[in-house]
Amino acid sequence: MKNLPSLKNLYYLVHLHQEQNFNRAAKICFVSQSTLSSGIQNLEEQLGYQLIERDHKSFMFTAIGEEVVERARNILTDVDDLVELVKNQGEPMTGEIRLGCIPTIAPFLLSRVVKLCQQDYPKLSLLLKEDTTERLLDALAKGELDLLILALPVDTSGFHSMKVGIDPFKMVMHKEVSQQLVQPIDYQKMPDESIFLLQAEHCITGHAITACQLGDSAKINPFAATSLHTLVQMVNSKLGTTFLPQMAIDTGILTDTDLVAIDPPGEAPYRDIGLVWRQTTSRISTFRTLGLAIQKKLLAQMLPNKIG
């Protein structure tokens, strides 16, 4: 039998690439720096190729080293999935799920998802991470997360996705501003730079622009907020209008403000809420069961008659 590289050494290599620092990588792997360095040297000897170019102060991954890192990530992820498959054989709703969620959903849904699991699936444990769509998808691809809750559509090439709900957009403004707008509302008749949105890295901005057909960029204020709560404060100061998801409104984001939420002009705009996971995972049954529970027990209550 071939002298195959150890998973331990592949693990060292992946974390060194992630941290770009021997000391930090060693701490994450709970070994000494010399142990980690020796493991990677052993891996190079087994493979017969140099993976890292070193000098006394710095290092860099070779071209083949970069490719080995990518393949090592996939191998380690597959091994994790294999362990979970055996561990949870016959009991899909058990074990641990590393769940990622975007900031425009997390504050309004995650606590309910945790409570749902505690009540209905007590053997299922959730570890939560909040981040932007791009970073979450990258973490999922690298095996650092198991499951994501995202606003769709986004490019999920290479992943499986499951739609669990529809979240309508509402146009939100100070009640005094609403009295000044010409009815019915026409975006073209609104003042320039009067519509406030989130920063571009938040996918809800693109969803709002597309769903609400905001084709005239002159109407959008160049100042972009970092969170939905910041948008609420800006609009409550009568600076302009914005678009908020119904999910946020239903959970009280407009409480103690003088804001009103109305239907935007045109066809009712919305975003899809979905789960996303790797195609190679062994836990499809677990993720689909959780998705159906979120759809029926959470989103159907929060967003009645909007689940498709």
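Residue numbers run from 1 in the order of the sequence given.
- Using a 4.5 Å heavy-atom threshold, the side chains of P168 and Q246 count as touching.
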>> Under the criterion side chain to side chain contact (heavy atoms under 4.5 Å, CB included), I'd like the reasoning laid out for I273 against L152: C-alpha separation, chi angles, the key distance, then a yes or no.
In response: CA-CA 6 Å; I273 306 299; L152 307 175; over 6 Å; no

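- Between the T251 side chain and the A248 main chain, a donor and an acceptor come within less than 3.5 Å of each other.
- How far CD of Q20 is from NE2 of H15: 13.5 Å, rounded to the nearest 0.5 Å.
- Looking at S237, its side chain never comes within 3.5 Å of a backbone N or O of L239 through a donor-acceptor pair.
- For the pair H17/L13, no side-chain contact is recorded, criterion being any heavy-atom separation below 4.5 Å from C-beta on.
- L147 and L127 are not part of a single hydrophobic cluster, where members link through side-chain heavy atoms under 4.5 Å apart.
- In this structure, W277 and H160 have tilted ring planes: the angle between them lies in the 30° to 60° band.
- The shortest heavy-atom contact between A225 and M234 is CB-SD, 4.0 Å.
- Smallest separation of non-hydrogen atoms from V172 and V235: O-CG1, 3.6 Å.
- Hydrophobic clustering, with ILVMFWY side chains joined whenever heavy atoms are under 4.5 angstrom apart, groups V114 together with M93.
- Here CG of L259 is found 10.0 Å from OG of S178. Values are rounded to the nearest 0.5 Å.
- Taking the side chain as every heavy atom from C-beta outward, T289 and S285 approach each other to under 4.5 Å.
- Side-chain contact between N236 and D258: present, with at least one pair of heavy atoms (C-beta onward) separated by less than 4.5 Å.
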>> Set out, in order, the CA-CA distance, both residues' side-chain angles and the distance that settles side chain to side chain contact (heavy atoms under 4.5 Å, CB included) for M173 and I262, then state yes or no.
In response: CA-CA 9 Å; M173 63 197 73; I262 64 175; 3.7 Å; yes

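- Distance check: K27 NZ to N21 CG gives 9.0 Å after rounding to the nearest 0.5 Å.
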> Taking it one step at a time, do K238 and E176 satisfy salt bridge (Lys or Arg N to Asp or Glu O under 4.0 Å)?
Replying inline: CA-CA 8 Å; K238 307 179 188 178; E176 293 182 12; 2.7 Å; yes

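- Atoms CD1 and CG, from I195 and L197 in turn, are 7.0 Å apart once rounded to the nearest 0.5 Å.
- Checked by atom type and distance alone, the side chain of R73 never pairs as donor or acceptor with a backbone atom of K142 at under 3.5 Å.
- From L148, atom CG reaches atom CG of L275 across 9.0 Å, with rounding to the nearest 0.5 Å.
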>> Using salt bridge (Lys or Arg N to Asp or Glu O under 4.0 Å), reason through E44 and R54 one step at a time and then give a plain yes or no.
In response: CA-CA 13 Å; E44 290 178 314; R54 308 167 177 84; 3.2 Å; yes

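- Here the shortest heavy-atom pairing between F59 and F22 reads CD2-CE1, 3.6 Å.
- For the side-chain contact (heavy atoms from CB on, under 4.5 Å) criterion with L150, the lone passing option out of L136, I105, T104 is L136.
- For D263, the salt bridge (Lys or Arg N to Asp or Glu O under 4.0 Å) test picks out K170, with sequence neighbours left out.
- Inter-residue side-chain proximity for N9 and Q46 is flagged as met; some heavy-atom pair is nearer than 4.5 Å.
- Taking every heavy atom of both residues into account, D131 and P103 meet most closely at O-CD, 3.2 Å.
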>> Determine whether K163 and I166 satisfy the following criterion, side chain to side chain contact (heavy atoms under 4.5 Å, CB included), listing intermediate values before the conclusion.
In response: CA-CA 8 Å; K163 176 181 168 182; I166 290 177; 3.6 Å; yes

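- Side-chain contact of T230 with S227: a donor-acceptor pair under 3.5 Å is present, judged by distance alone.
- R98 places a side-chain N or O within 3.5 Å of a backbone atom of G143 that can act as its donor or acceptor partner.
- In D55, the CG atom is crowded: over 12 heavy atoms of neighbouring residues, nucleotides or ligands sit closer than 6.0 Å.
- Under a 3.5 Å cut-off, the side chain of T62 and the backbone N or O of L51 do form a donor-acceptor pair.
- Nearest heavy atoms, A106 versus E130: CB-OE1, 3.4 Å.
- Between L198 and the options T242, T226, L231, a side-chain contact (heavy atoms from CB on, under 4.5 Å) holds for only L231.
- Using a 4.5 Å heavy-atom cutoff, the side chains of L47 and V68 are in contact.
- For the pair Y12/L36, a side-chain contact is recorded, criterion being any heavy-atom separation below 4.5 Å from C-beta on.
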> Is there a side chain to side chain donor-acceptor pair (under 3.5 Å) between S38 and T35 once you walk through the steps?
Replying inline: CA-CA 5 Å; S38 296; T35 297; over 6 Å; no

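- The side-chain contact (heavy atoms from CB on, under 4.5 Å) with C117 is formed by just one residue from the set L99, I294, L290, I97; it is L290.
- Note that CD of Q199 is 11.0 Å distant from OG1 of T132, once rounded to the nearest 0.5 Å.
- Within the 3.5 Å criterion, the main-chain N or O of S34 finds no donor-acceptor partner in the side chain of S37.
- Residue F287 is grouped with residue L292 when hydrophobic side chains (ILVMFWY) are merged at heavy-atom distances under 4.5 angstrom, including chains of intermediate members.
- When hydrophobic clusters are built by joining Ile, Leu, Val, Met, Phe, Trp and Tyr residues whose side-chain heavy atoms come closer than 4.5 Å, directly or via intermediates, M60 is not grouped with I52.
- By the criterion of side-chain heavy atoms lying less than 4.5 angstrom apart, applied directly or through intervening Ile, Leu, Val, Met, Phe, Trp or Tyr residues, I28 is not grouped with L10; the two fall into different hydrophobic clusters.
- At a threshold of 4.5 Å between non-hydrogen side-chain atoms, the residues L137 and F159 count as touching.
- Remark: D120 engages K297 in a salt bridge, criterion side-chain N to carboxylate O under 4.0 Å.
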>> Could you go through V164 and D272, starting from their C-alpha distance and side-chain angles, then the distance that decides it, and tell me whether this counts as side chain to side chain contact (heavy atoms under 4.5 Å, CB included)?
In response: CA-CA 8 Å; V164 295; D272 289 327; over 6 Å; no

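- Here the closest non-hydrogen pair linking D167 and P245 is OD2-CB, 3.0 Å.
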